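Fair warning: this is a prediction, and the values are worked out from it, not measured in the lab. Naming: A, B, ... by sequence-line order, numbering from 1 per chain.
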There are 2 protein chains.
Amino acid sequence: MDTQIFHALADPARLRIVEAMRTGEHAVNDIVERMDIHQSGVSRHLRILAEAGIVQMRPDGQRRLYSLRPEAFDRLEAWVQGYRRHWEARLDRFGAALETHKDKKP
Amino acid sequence: MDTQIFHALADPARLRIVEAMRTGEHAVNDIVERMDIHQSGVSRHLRILAEAGIVQMRPDGQRRLYSLRPEAFDRLEAWVQGYRRHWEARLDRFGAALETHKDKKP
DNA sequence: CATGTATATGCGTATAGATGTATATATTGG
DNA sequence: CCAATATATACATCTATACGCATATACATG
């Protein structure tokens, strides 16, 4: 796993952009209006998100429509699930190992 | 969703530490031996990972045993799945909307 | 072609973050 | 209590990066 996707999502402004794009395609100016940073900053953030594979761009006249790339989220989900599967396997083999992951019961 | 967990995983050294801890608890020096950074750096990285809720610490004599916290991965997985569910809902409603997420077929 | 609109980028600056060194704080054993 | 071991932290430094401003580029329209 590369850190690039985490780095891209680690900036508050970029995460806000990603959350805003849940609803579909957005032009750059649409995003600028929802944020409190300059248009140049939004463009730079979008470039970083694109380089990380999180967004894609489609030209539409003089505008550029950005949208999320599900593949990026698939990769992230697969990575996270690798850890879950690991723990589940351990729990299957050692019931008592629950103590490893839960707070002690009073 | 807060950026803290992404920020914690965005550093290559910290991600290596997390990956190394897949196999269970590790003392600080165990991790230092596997990395090419100084012990002070490892301690700092572990603090950041702990503050992000990714690792927990358990004293064992003069050593501190660190391990991963599955809850952090659960939260991350839930966040990612929020996006997947969103797209799946859209795909259910609009079959043609496949174009939104896949490269155009030749 | 000229003008307006939308987006990207070079530049300077300010701030955050990663690192090593040295030192402080536990904890153990004698 | 003293020495050794394990870990954390203060400090200085170096690098990365986020930001706004100004400007460049691309497209549309008259």
Side-chain angles (χ1 to χ4, degrees), chain A residues 1-21 23-69 72 100, chain B residues 1-21 23-69 72 100:
Chain A
M1 186 64 166
D2 190 54
T3 56
Q4 193 177 20
I5 189 169
F6 294 122
H7 173 260
L9 297 171
D11 182 84
R14 283 196 292 271
L15 189 60
R16 278 190 61 196
I17 291 174
V18 170
E19 305 271 23
M21 290 204 299
T23 54
E25 284 184 322
H26 286 281
V28 178
N29 262 340
D30 292 351
I31 300 168
V32 172
E33 287 167 9
R34 300 172 188 230
M35 313 261 309
D36 49 355
I37 64 178
H38 194 269
Q39 171 264 322
S40 65
V42 172
S43 281
R44 271 191 303 263
H45 285 311
L46 285 168
R47 180 157 58 88
I48 291 170
L49 290 169
E51 285 169 358
I54 297 172
V55 303
Q56 60 194 152
M57 187 268 286
R58 174 172 81 87
D60 173 46
Q62 41 194 339
R63 299 184 304 168
R64 311 283 180 106
L65 299 181
Y66 284 85
S67 55
L68 299 178
R69 289 175 53 95
T100 310
Chain B
M1 186 63 166
D2 190 53
T3 57
Q4 193 176 21
I5 189 170
F6 295 122
H7 173 260
L9 297 171
D11 182 84
R14 283 196 292 271
L15 189 60
R16 279 190 60 197
I17 291 174
V18 170
E19 305 270 22
M21 290 204 300
T23 54
E25 284 183 322
H26 287 282
V28 178
N29 263 339
D30 293 351
I31 299 168
V32 173
E33 288 166 9
R34 300 171 187 229
M35 314 259 311
D36 49 355
I37 62 178
H38 194 270
Q39 172 263 322
S40 66
V42 172
S43 280
R44 271 191 302 262
H45 284 312
L46 286 168
R47 180 157 56 89
I48 291 169
L49 289 168
E51 285 169 357
I54 297 173
V55 303
Q56 60 195 150
M57 188 268 285
R58 173 171 81 86
D60 173 46
Q62 43 196 338
R63 299 185 304 168
R64 310 284 178 104
L65 299 181
Y66 283 85
S67 55
L68 298 178
R69 289 175 52 96
T100 309

| query | If you take all heavy atoms of A:Leu9 and A:Leu15, which pair is closest and at what distance? | reply | O-CB, 3.9 Å
| field | Rounded to 10 degrees, the angle between the two terminal axes of the helix from C:dC1-D:dG30 to C:dG30-D:dC1, each from five pairs | value | 20°
| message | What is the distance, to the nearest angstrom, from the CG atom on B:Leu15 to the P atom on C:dA18? | response | 13 Å
| query | Which whole-number value in Å describes the distance from B:Leu65 CG to C:dA26 C1'? | reply | 15 Å
| request: Between protein and nucleotides 14-24 of chain D, map the contacts as a letter string: B base, S sugar-phosphate only, - none, heavy atoms under 4.0 Å, written 5' to 3'. | output: ---SSBBBB--
| field | B:Phe6 CZ to C:dA16 P, straight-line distance once rounded to whole Å | value | 22 Å
| DNA chain C: B:Arg64 or A:Met57, which has the more 5' nearest nucleotide? | A:Met57
| Closest contact, heavy atoms only, A:Ser67 versus A:Glu25 | CB-CG, 3.8 Å
| query | In Å, rounded to the nearest 0.5 Å, how long is the span from CD1 of B:Ile5 to CZ of A:Phe6? | reply | 8.0 Å
| note | When every non-hydrogen atom of A:Gly53 is compared with those of A:Ala72, the smallest separation belongs to O-CB, 3.2 Å
| task | Starting at atom CG of A:Asp60, determine the distance to atom P of C:dT5, rounded to an integer number of angstrom. | result | 18 Å
| message | Can you measure B:Leu46 atom CG to C:dA18 atom P for me and round it to whole angstrom units? | response | 13 Å
Can you give me every donor-acceptor pair (side chain of residues 40-49 of chain A, partner residue at least two apart or in another chain, under 3.5 Å) with its distance?
| from | atom 1 | to | atom 2 | distance (Å) |
| --- | --- | --- | --- | --- |
| A:Ser40 | OG | A:His38 | ND1 | 3.2 |
| A:Ser43 | OG | A:Gln39 | NE2 | 3.2 |
| A:His45 | ND1 | A:Arg14 | NH1 | 3.1 |

| task | In whole angstrom, give the distance that lies between atom CZ of A:Arg63 and atom C1' of D:dT25. | result | 18 Å
| task | Look at B:Asn29 and D:dT7 and indicate whether a side-chain polar atom (N or O) is within less than 4.0 Å of OP1 or OP2. | result | yes
| remark: Minimal heavy-atom distance between A:Ile37 and A:Ala13, with the atoms involved, is CD1-CB, 4.2 Å
| Where the side chain of B:Glu51 meets the backbone of B:Gln4, is there a donor-acceptor pair that is under 3.5 Å apart? | no
| request: Would you kindly give the CZ-to-P distance between A:Arg47 and C:dA6, to the nearest whole Å? | output: 22 Å
| query | Of B:Tyr66 and B:Gln62, whose closest DNA chain D nucleotide lies nearer the 5' terminus? | reply | B:Gln62
| task | State whether the side chain of B:Arg16 and the backbone N or O of B:Arg34 hold a donor-acceptor pair below 3.5 Å, judged by distance alone. | result | yes
| What's the shortest heavy-atom distance between A:Tyr66 and A:Met21, and which atoms? | O-SD, 3.6 Å
